[in-house]
Amino acid sequence: TSLLANADVVASQHREKRSRMRAYLKQNHVPASLSDSIHAYYEYLWGSSSVTDDELFGDLAETLKLKLALAVKRRFILSCPLFKSLNPFAVINLVQRLEHRITVPDQVIMAEGEHGDTMYFCVRGRMAVSIRDRSTQRVLKVAELKTGDYFGEAALITGEPRTANVTAITFCETYMLNKAAFAAARKENAEFCVAVESQVRRRDVRNAYAVKLRRVRNALIAVTAFAN
């Protein structure tokens, strides 16, 4: 009964916030496209099944909070190949360290050349991976990420700058693992370490192949255009 009452309160608060937002945006002559984006963000946020509302469950016992977090993240855990290599205790330890984040379309989640301090797991949405071809300076899309994929771990392992850009195509949700939590996970679980490092090697090979393939394709297009 208490939870249902809290849910009604939260729903009422959301309605009130919608009304106040509309009035504020209209009064300040905010462009319609930006207003639509802001409303879309909040609708996505309030409708997301991955967000555990602190107003609803803030006073829940810690044991139940952990069980709830695992239940909410169950679909994600099952979809992520990395978790399949971990024992149940390692999964629990890792899930407890994850931080939730929502990104909007066209938002840069990770930038090539920056020094990374976070690893990301894709919970929902689609993201584009792109890299700069050093020979042509063109930015090439080399992959697309979806639910269950993870990225950003290479910079944490090597200490070197990021080697790719990751940009949200749609509204996206990620779980983030910061540098300290990543180091702890590697130290506590050998399977986690092996799985992550194997993925880094596979991704490096795939990205290098994608760049070579794109160069060959562009060369063929140029030759065909010249011949015609």
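Everything quoted here is computed from the prediction, not taken from an experiment.
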**Request:** Output, in order, the C-alpha distance, side-chain angles, deciding distance and verdict of side chain to side chain contact (heavy atoms under 4.5 Å, CB included) for Arg101 and Tyr120.
**Result:** CA-CA 10 Å; Arg101 179 185 183 188; Tyr120 300 88; 3.6 Å; yes

**Message:** Under a 3.5 Å distance rule, please check whether Thr170 uses its side chain to pair with a backbone N or O of Arg126 as donor and acceptor.
**Reply:** yes

**Request:** Walk me through it: do Met127 and Phe151 pass the test side chain to side chain contact (heavy atoms under 4.5 Å, CB included)?
**Result:** CA-CA 11 Å; Met127 308 171 189; Phe151 57 96; 3.7 Å; yes

**Prompt:** About how many Å separate CG of Leu78 and OG1 of Thr147, when rounded to the nearest 0.5 Å?
**Reply:** 12.5 Å

**Item:** Minimum heavy-atom distance Tyr44-Cys172, with the two atoms named
**Value:** OH-C, 4.5 Å

**Asked** Any link between Val91 and Phe89 through a network of hydrophobic side chains (Ile, Leu, Val, Met, Phe, Trp, Tyr) touching at under 4.5 Å?
**Response** no

**Message:** As an exercise, state the distance from CD1 of Ile169 to CG of Asp106, rounded to the nearest 0.5 Å.
**Reply:** 9.5 Å

**Request:** Please round to the nearest 0.5 Å and tell me the distance separating atom CG of Leu34 and atom NE2 of His39.
**Result:** 9.5 Å

**Message:** Check for me, please, whether Ile38 and Leu45 land in the same ILVMFWY cluster - side-chain distances under 4.5 Å, paths through other members count.
**Reply:** yes

**Message:** For Lys146, give me all partners under side chain to side chain contact (heavy atoms under 4.5 Å, CB included), at least two apart in sequence or on another chain.
**Reply:** Asp149

**Request:** Could you go through the side chain to side chain contact (heavy atoms under 4.5 Å, CB included) check for Lys73 and Phe121 one step at a time?
**Result:** CA-CA 12 Å; Lys73 296 169 183 171; Phe121 297 86; over 6 Å; no

**Asked** At their closest point, which heavy atom of Thr174 faces which heavy atom of Cys122, and how far apart are they?
**Response** CG2-CA, 4.4 Å

**Asked** With hydrophobic residues grouped by side-chain heavy-atom distances under 4.5 Å, do Phe171 and Tyr42 end up in a single group?
**Response** yes

**Fill in**
Nearest heavy-atom contact between Ala168 and Val104 is CB-O, 3.3 Å

**Item:** Non-hydrogen atoms of Pro161 and Gly113 that approach each other most closely
**Value:** CB-O, 3.4 Å

**Request:** Evaluate the side chain to side chain contact (heavy atoms under 4.5 Å, CB included) criterion for residues Asp117 and Asn178: first the C-alpha distance (whole Å), next the side-chain angles of each, then the deciding distance (0.1 Å), finally the verdict.
**Result:** CA-CA 6 Å; Asp117 60 0; Asn178 65 37; over 6 Å; no

**Asked** When hydrophobic residues are tied together by side-chain contacts of less than 4.5 Å, even through go-betweens, does Val166 share a cluster with Val108?
**Response** no

Using a 3.5 Å cut-off and no angle test, enumerate the donor-acceptor pairs between side-chain atoms of residues 19-31 and protein atoms at least two apart in sequence or in another chain.
unit_1	atom_1	unit_2	atom_2	d
Asn28	ND2	Tyr24	O	2.9

**Prompt:** Atom CG in Leu94, atom OH in Tyr175: separation rounded to 0.5 Å?
**Reply:** 12.0 Å

**Item:** Hphob cluster co-occupancy, Ile92 + Val123, side-chain heavy atoms under 4.5 angstrom
**Value:** yes

**Message:** Could you measure the distance from the CE atom of Met119 to the CZ atom of Arg97? Nearest 0.5 Å is fine.
**Reply:** 13.0 Å

**Message:** So, using salt bridge (charged side-chain N to carboxylate O under 4.0 Å, His left out) as the criterion, who are the partners of Glu62 when residues are at least two apart?
**Reply:** Lys65

**Prompt:** Rounded to the nearest 0.5 Å, how far apart are CZ of Arg162 and CD of Glu114?
**Reply:** 5.5 Å

